[in-house]
Amino acid sequence: MSRILKFIVHFIVICTVLCVVALVAPPFWGITTVIVDNTEKETNLPLGSVTYAIPVDTEDVSIGTSILVQNGGQTYRYNIASLDLENGTGTVVDPTNPEGEALPVSVKNKVPQVVVTVGLIGYLFVATES
């Protein structure tokens with residue numbers, strides 16, 4: 001019985017350490033992390049999730065690539081619908097709303113391409129704030 005309890009405790013400790021490292025370490029490597037920890041934030045990312053994005057040259061992205069767009073303090077995940085590299089503009093669509101309209105965006109040399117969105121570990125961030 002004590003071996004089972006030891007395993008459970010060690011498993012919980014290891015999972016907690018991995019989650020903390022997943023929240024703290026990526027910004028040191030230049031990876032953008034967006035933590036959705038508040039229901040008052042307007043975003044199309046799921047509550048309690050952490051989204052990781054890496055900066056990619058605009059020449060390397062294609063139509064349909066998921067990127068992060070910041071608008072007035074909020075961060076949204078959009079798919080690229082069109083891209084004009086000469087003028088530094090493009091349009092994006094919301095993947096969660098198939099009937100939504102294309103929104104214009106300005107692009108620079110690099111755009112944050114979404115790598116992965118991990119659910120639930122954002123709640124760990126909320127727990128550490130209080």
Side-chain angles (χ1 to χ4, degrees):
M1 181 70 171
S2 79
R3 286 186 181 188
I4 293 172
L5 291 175
K6 275 185 181 179
F7 173 77
I8 292 171
V9 169
H10 288 223
F11 181 74
I12 291 172
V13 168
I14 289 171
C15 287
T16 304
V17 168
L18 289 176
C19 288
V20 168
V21 169
L23 290 172
V24 175
F28 292 112
W29 294 310
I31 298 172
T32 304
T33 56
V34 177
I35 303 169
V36 182
D37 60 348
N38 193 346
T39 58
E40 297 172 3
K41 288 183 181 179
E42 285 192 33
T43 182
N44 61 354
L45 298 169
L47 181 65
S49 68
V50 178
T51 301
Y52 299 97
I54 56 172
V56 177
D57 292 331
T58 53
E59 294 87 20
D60 296 337
V61 296
S62 61
I63 305 300
T65 302
S66 292
I67 62 169
L68 292 178
V69 176
Q70 293 189 357
N71 185 10
Q74 284 86 20
T75 305
Y76 299 92
R77 178 182 182 158
Y78 289 127
N79 291 344
I80 296 176
S82 68
L83 199 58
D84 184 7
L85 296 177
E86 292 177 7
N87 296 327
T89 60
T91 57
V92 292
V93 292
D94 187 356
T96 60
N97 186 5
E99 297 176 2
E101 60 185 50
L103 303 168
V105 292
S106 63
V107 292
K108 303 205 182 300
N109 296 337
K110 294 190 179 280
V111 293
Q113 180 180 357
V114 174
V115 177
V116 68
T117 298
V118 181
L120 302 178
I121 65 171
Y123 291 120
L124 179 65
F125 182 75
V126 173
T128 59
E129 284 183 342
S130 60

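- Scored by the side chain to side chain contact (heavy atoms under 4.5 Å, CB included) test, Ile12 finds Ile8, Thr16 as partners (sequence neighbours excluded).
- When all heavy atoms are compared, the tightest approach of Pro95 to Asn79 is CB-ND2, 3.5 Å.
- Identified under the salt bridge (Lys or Arg N to Asp or Glu O under 4.0 Å) test for residues 7-20, with sequence neighbours left out: none.
- Within the structure, the salt bridge (Lys or Arg N to Asp or Glu O under 4.0 Å) test picks out no pair touching residues 112-125 (sequence neighbours left out).
- Minimum interatomic distance between Ser82 and Ile63 (heavy atoms only, all atoms of both residues): CA-CD1, 3.7 Å.
- Under the rule for a side chain to side chain contact (heavy atoms under 4.5 Å, CB included), the partners of Val36 that lie at least two apart in sequence or sit in another chain are Thr43, Leu45, Leu47, Ser49.
- Applying the ring-ring contact (aromatic ring centres under 6.0 Å, His included) test to pairs two or more places apart or on separate chains, none has a residue in residues 42-71.
- The CD1 atom of Ile31 sits 7.5 Å away from the CD1 atom of Ile54 when rounded to the nearest 0.5 Å.
- Contacts of Gln74 classified as side chain to side chain contact (heavy atoms under 4.5 Å, CB included), with partners at least two apart in sequence or in another chain: Glu42, Tyr76.
- The side-chain heavy atoms of Ile80 and Val61, taken from C-beta on, include a pair separated by under 4.5 Å.
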Going through the checks in order, is the side chain to side chain contact (heavy atoms under 4.5 Å, CB included) test met by Tyr78 and Val105? CA-CA 10 Å; Tyr78 289 127; Val105 292; 5.6 Å; no
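- Taken from CG in Leu5 to NE2 in His10, the straight-line distance is 10.5 Å, to the nearest 0.5 Å.
- The side-chain heavy atoms of Leu23 and Thr33, taken from C-beta on, include no pair separated by under 4.5 Å.
- Applying the salt bridge (charged side-chain N to carboxylate O under 4.0 Å, His left out) test to Asp60 and every residue at least two apart in sequence or in another chain returns nothing.
- Within a 6.0 Å sphere centred on CD1 of Ile4, heavy atoms belonging to other residues, nucleotides or ligands number 12 at most.
- More than 12 heavy-atom neighbours from other residues, nucleotides or ligands sit within 6.0 angstrom of CD on Glu59.
- Applying the side chain to side chain donor-acceptor pair (under 3.5 Å) rule to Thr89 yields no partners; only residues at least two apart in sequence or on another chain are considered.
- To the nearest 0.5 Å, atom OG1 of residue Thr32 and atom CD1 of residue Ile67 are 12.0 Å apart.
- Pairs engaging residues 25-50 under the ring-ring contact (aromatic ring centres under 6.0 Å, His included) rule: none recorded [sequence neighbours left out].
- Ile14 belongs to a hydrophobic cluster with Leu18, counting contacts under 4.5 Å between side-chain heavy atoms of Ile, Leu, Val, Met, Phe, Trp and Tyr, direct or through other members.
- Taking the side chain as every heavy atom from C-beta outward, Leu68 and Val34 approach each other to under 4.5 Å.
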Could you give the side-chain donor-acceptor pairs of residues 108-121 under 3.5 Å, partners two or more places apart or in another chain?
residue	atom	partner	partner atom	Å
Lys110	NZ	Asp57	OD1	2.8
Thr117	OG1	Thr51	OG1	3.2
Thr117	OG1	Arg77	NH1	3.1

